[in-house]
Amino acid sequence: MGWLSRFVVAVAFLAVGVIFSPETFGSDAGNDLGKLGPALKLAHLLCFATAWGTALWVTFIGGIIMFKHLPRHMFGNLQSKMFPAYFALVGVSCSISLASFGYLHPWKTASTTEKYQLGFLASSFAFNLANLLVFTPMTIQMMKQRHKVEKEANIGDEIGWTKNQEVAKVNPKLAAMNKKFGMIHGLSSLANIMSFGGLAMHSWYLAGKL
């Protein structure tokens with residue numbers, strides 16, 4: 001586990017502590033937070049905006065553009081470098097946003113709506129953490145193995161849609177790799193969409209505050 005992953009996990013525990021035991025960190029629900037309140041609101045808003053914007057770009061714009069214009073193996077290698085940083089950034093942003101929101105709205109005194117929002121932010125963080133620590137390393141490892149087999153079959157330099165399926169019909173080893181890669185990559189994509197969904201629900205809540 002890299003230092004950034006350890007940092008994300010540490011901040012996650014801090015966020016949980018702030019939510020369920022805010023008095024430990026000086027938060028007194030129902031009392032005026034004074035100068036600390038605006039700073040926490042700013043931290044929450046900026047970190048949420050960072051997570052939301054990054055997830056929107058990578059999931060629906062940047063990745064699609066790269067897929068359509070880069071050779072497939074080059075695209076995969078680039079993604080293997082980008083996604084750990086992507087999930088770490090969104091994870092850190094979610095954890096800080098969650099901690100600041102939890103400080104402002106402690107679980108014991110939060111309304112039902114606020115508790116739902118804490119849940120949405122926590123789920124977004126959890127899905128990102130799962131991708132960062134579990135699914136992404138597995139996907140990258142499987143991708144590298146599949147690239148090796150594809151190079152032996154002289155495919156992988158094409159742009160966009162792959163010749164992989166044609167070759168897999170006569171290559172059982174590649175077919176088995178495709179099945180395993182598809183399952184792992186599918187779980188990673190699902191976790192990413194679920195995380196984005198949690199952020200989307202919180203954006204609706206914030207819009208109602210304007």
Taking atom [atom1] of [X] and atom [atom2] of [Y], what is their separation to the nearest 0.5 Å?
| X | Y | atom1 | atom2 | answer |
| --- | --- | --- | --- | --- |
| His147 | His73 | NE2 | NE2 | 4.0 Å |
| Ser195 | Leu129 | OG | CG | 10.5 Å |
| Gln141 | Ser80 | CD | OG | 12.5 Å |
| Leu98 | Phe120 | CG | CZ | 13.5 Å |
| Met66 | Phe75 | CE | CZ | 6.0 Å |
| Leu70 | Asp157 | CG | CG | 12.0 Å |

Of the non-hydrogen atoms in [X] and [Y], which two are nearest, and what is the gap between them?
| X | Y | value |
| --- | --- | --- |
| Val134 | Pro137 | O-CD, 3.3 Å |
| Cys94 | Ala51 | SG-CB, 4.1 Å |
| Lys180 | Met142 | CD-SD, 3.7 Å |
| Ala191 | Asn131 | CB-ND2, 3.6 Å |

Are the side chain of [X] and the backbone of [Y] linked by a donor-acceptor contact shorter than 3.5 Å?
| X | Y | result |
| --- | --- | --- |
| Ser189 | Gly186 | no |
| Ser188 | Phe135 | no |
| Thr59 | Leu56 | no |
| Ser97 | Ser93 | no |

Any chain of hydrophobic side-chain contacts (each under 4.5 Å) joining [X] to [Y]?
| X | Y | result |
| --- | --- | --- |
| Leu199 | Trp204 | no |
| Trp52 | Ile193 | yes |
| Ile140 | Leu132 | no |
| Val170 | Leu174 | no |
| Leu104 | Leu36 | yes |

Over 12 non-hydrogen atoms of neighbours within 6.0 angstrom of [atom1] in [X]:
| X | atom1 | value |
| --- | --- | --- |
| Lys41 | NZ | no |
| Met74 | CE | no |
| Met194 | CE | no |

Output field: ring centroids His44/His105 closer than 6.0 Å: no
Close aromatic pair by centroid cut-off 6.0 Å: His202 and Phe101: yes
His185-Thr139 side chain donor-acceptor pair, cut-off 3.5 Å: no
Test item: side-chain donor near acceptor, Asn178 and Asn164, under 3.5 Å: yes
Asn192 side chain near Phe87 side chain, heavy-atom distance below 4.5 Å: yes
pair Leu206-Gln117: side-chain heavy atoms closer than 4.5 Å: no
Sole residue of Trp57, Phe60, Tyr86, Phe127 in ring-ring contact (aromatic ring centres under 6.0 Å, His included) with Phe196: Phe60
With Val92, the side-chain contact (heavy atoms from CB on, under 4.5 Å) member among Ile96, Val90, Leu89: Ile96
Step-by-step side chain to side chain contact (heavy atoms under 4.5 Å, CB included) determination, Leu42 to Leu46: CA-CA 6 Å; Leu42 180 62; Leu46 290 180; 3.7 Å; yes
Ser203/Phe48 under side chain to side chain contact (heavy atoms under 4.5 Å, CB included): CA gap, chis, key distance, verdict: CA-CA 9 Å; Ser203 71; Phe48 168 77; 3.6 Å; yes
Worked verdict on Glu114 versus Tyr205 for side chain to side chain contact (heavy atoms under 4.5 Å, CB included): CA-CA 9 Å; Glu114 291 164 349; Tyr205 165 83; 4.1 Å; yes
Criterion side chain to side chain contact (heavy atoms under 4.5 Å, CB included) on Ile159 and Arg72, from CA distance to verdict: CA-CA 6 Å; Ile159 296 176; Arg72 196 165 56 81; over 6 Å; no
Pair Glu150 + Lys163: basic N to acidic O under 4.0 Å: no
